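What follows is one structure encoded as structure tokens, with my remarks underneath.
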Amino acid sequence: MSGGLRVWQDMEKEREALQTWKERVEQELDRVVAFWMEHSHDQEHGGFFTCLGRDGQVYDDLKYVWLQGRQVWMYCRLYRKLERFRSPELLDSAKAGGEFLLRYARVAPPGKKCAFALTRDGRPVKVQRTIFSECFYTMAMNELWRVTGEAHYQKEAVEMMDQIVYWVREDPSGLGRPRLPGALASESMAVPMMLLNLVDQLGEADEELAGNYAELGDWCAQRILRHVQRDGQAVLENVSEDGEELSGCLGRHQNPGHALEAGWFLLRYAIRKGDPKLRAHVINKFLLLPFRSGWDPDHGGLFYFQDADGLCPTQLEWAMKLWWPHSEAMIAFLMGYSDSGDPALLHLFYQVAEYTFRQFRDPEYGEWFGYLNQEGKVALTIKGGPFKGCFHVPRCLAMCEEMLGALLSHPAPAPAPAPAPAWPPRCRLGERRQLTARLRPAGNRVPRRRYEHPQCEAGGPNEHAALQSAVPAGELPDEILLLPRPFLAPALLHRRG
């Protein structure tokens with residue numbers, strides 16, 4: 001069998017694998033959305049129940065504002081992005097959830113501070129001294145504006161965004177959190193992460209708002225990048241206000257899922273900026289590094305928390321496997337592969353996705369279990385609660401469906417023709433370069449790198465060398481040197497196999 005035909009067959013197998021995963025993801029997304037549509041809607045008071053048992057039974061009627069906002073955002077996003085979800089029922093449910101937020105989310109209107117938890121009929125129960133309820137309120141209102149065109153939703157989104165930015169960058173006193181003299185002045189990665197996500201949300205297809213928030217986006221990205229510490233060998237969840245490592249458990253705390261989520265936020269930012277060096281850095285430090293340290297080598301799955309010095313974390317749930325880090329990992333690795341064509345990232349997507357579908361998915365009642373023990377057995381049978389709602393799972397599935405569809409939209413390469421008996425011998429690499437140089441117009445001559453990997457620098461191996469060695473161009477058949485980057489992956493995998 002010729003090298004070109006073998007490569008074509010490998011690429012066909014890879015396309016089949018991508019197609020199989022696209023179908024699995026589509027079917028699972030349909031099941032997950034159906035679960036929330038059937039069990040979570042409060043027809044009497046509006047909004048959504050999120051405290052749902054395995055079979056969807058409501059076990060508590062408290063309503064958590066950040067989960068209300070997430071579900072409104074998710075319904076609108078599905079309605080806007082995927083044709084099969086463009087139904088009046090989904091849109092009406094999103095609008096009902098949005099109206100519940102407008103009426104009840106803020107504790108003392110016209111003040112902007114939102115409650116964390118509400119009674120079923122909307123009375124405040126608890127307030128958190130953070131920005132996260134307000135962030136998801138903003139996302140919900142912006143998406144409602146996008147699908148309805150009703151200006152009051154966008155007004156709410158922009159005004160709340162301005163308030164959040166003021167709390168974060170100017171004066172946090174409105175959050176109600178006092179500065180105690182013994183408390184370390186620290187910055188959690190979650191805050192600039194969430195702001196960067198809001199910049200992306202509000203700036204989508206809106207040049208004016210994108211311009212207004214451009215400086216904020218740059219600030220967020222730089223603050224997130226400061227969490228890469230210890231000479232680039234660890235992503236720490238908390239750093240000092242001037243970007244240095246903190247002492248004690250707080251400073252050593254690591255959250256692999258958060259690092260991976262920050263990774264795909266940063267990757268989208270780097271793609272918008274057209275910054276290939278930042279893209280490579282993000283893949284190396286926020287995708288590969290957290291995965292290497294966070295993946296359980298004995299039982300599979302991502303640890304929830306870790307200690308950067310290898311000490312025992314103090315959180316009781318540190319060794320558990322939770323639904324959302326695995327959802328974020330699936331997004332991150334598939335996005336990284338879609339951008340770079342690096343086959344190591346596609347392999348990691350498959351690895352995480354197989355574990356996730358096998359361990360978290362509930363084939364009997366639908367949706368996913370959220371909390372597994374270290375061995376991967378179900379620890380809590382609930383499908384929702386104060387922290388798990390209609391968000392991470394459907395967002396992961398919807399984004400993966402879109403990315404897989406985009407990868408499969410590239411035309412499949414035709415098989416290489418069988419060589420004729422009188423085919424002339426292949427010229428050596430140096431002769432081929434000379435011939436190419438003679439055929440290329442003089443003004444467009446670009447020196448060809450020795451390596452044909454998309455992230456290689458200066459003709460040498462890339463930052464991912466520990467996972468993937470570079471392949472010299474001379475070892476690749478001529479047929480694949482002209483292919484788009486994602487279709488190089490199966491050929492490279494075949495070469496290394």
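Computation of the quantities below employed the complete heavy-atom set of this structure, encompassing side-chain atoms and omitting hydrogens, waters and symmetry-equivalent molecules. Model, not experiment: these values are computed from the prediction.
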For [X], I'd like to know if atom [atom1] has over 12 heavy atoms of other residues, nucleotides or ligands within 6.0 Å.
| X | atom1 | value |
| --- | --- | --- |
| Lys155 | NZ | no |
| Glu208 | CD | no |
| Gln57 | CD | no |

If I compare all heavy atoms of Asp55 with all of Phe35, which pair ends up nearest, and what's the gap?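 Closest approach of Asp55 to Phe35, heavy atoms only: C-CE1, 4.2 Å.
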
Non-hydrogen atoms of Leu62 and Thr119 that approach each other most closely: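 So the two residues come closest at CD2-CA, 4.2 Å.
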
Rounded to the nearest 0.5 Å, what separation is found between the [atom1] atom of [X] and the [atom2] atom of [Y]?
| X | Y | atom1 | atom2 | answer |
| --- | --- | --- | --- | --- |
| Met189 | Asn238 | CE | CG | 9.0 Å |
| Trp21 | Tyr350 | CH2 | OH | 9.0 Å |
| Tyr153 | Met141 | OH | CE | 7.0 Å |

Can you confirm if the NZ or CZ of [X] lies within 45° of the ring axis of [Y] and under 6.0 Å from the centre of its six-membered ring?
| X | Y | answer |
| --- | --- | --- |
| Lys321 | Tyr304 | no |
| Arg70 | Trp66 | yes |
| Arg54 | Tyr365 | no |
| Lys383 | Phe369 | yes |

Any donor-acceptor pair under 3.5 Å linking the side-chain atoms of Glu150 with those of Trp145?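 Judged by distance alone, the side chains do not pair up.
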
If only side-chain N and O atoms count, and only distance matters, is there a donor-acceptor pair under 3.5 Å linking Tyr355 with Gln351?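 No, because no side-chain N or O of Gln351 sits under 3.5 Å from a partner of the opposite role on Tyr355.
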
Please check this pair: side chain of [X] against backbone of [Y], looking for a donor-acceptor N/O pair closer than 3.5 Å.
| X | Y | value |
| --- | --- | --- |
| Ser133 | Ala115 | yes |
| Lys113 | Gln128 | yes |
| His227 | Leu236 | yes |
| Arg146 | Glu204 | yes |
| Gln306 | Ser293 | yes |
| Asp309 | Leu311 | no |
| Glu187 | Glu241 | no |

Quick check on side chain to side chain contact (heavy atoms under 4.5 Å, CB included): which of Ile164, Val158, Asp162 does Met160 satisfy it with?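 Going through Ile164, Val158, Asp162 one by one, the side chain to side chain contact (heavy atoms under 4.5 Å, CB included) with Met160 is satisfied by Ile164 alone.
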
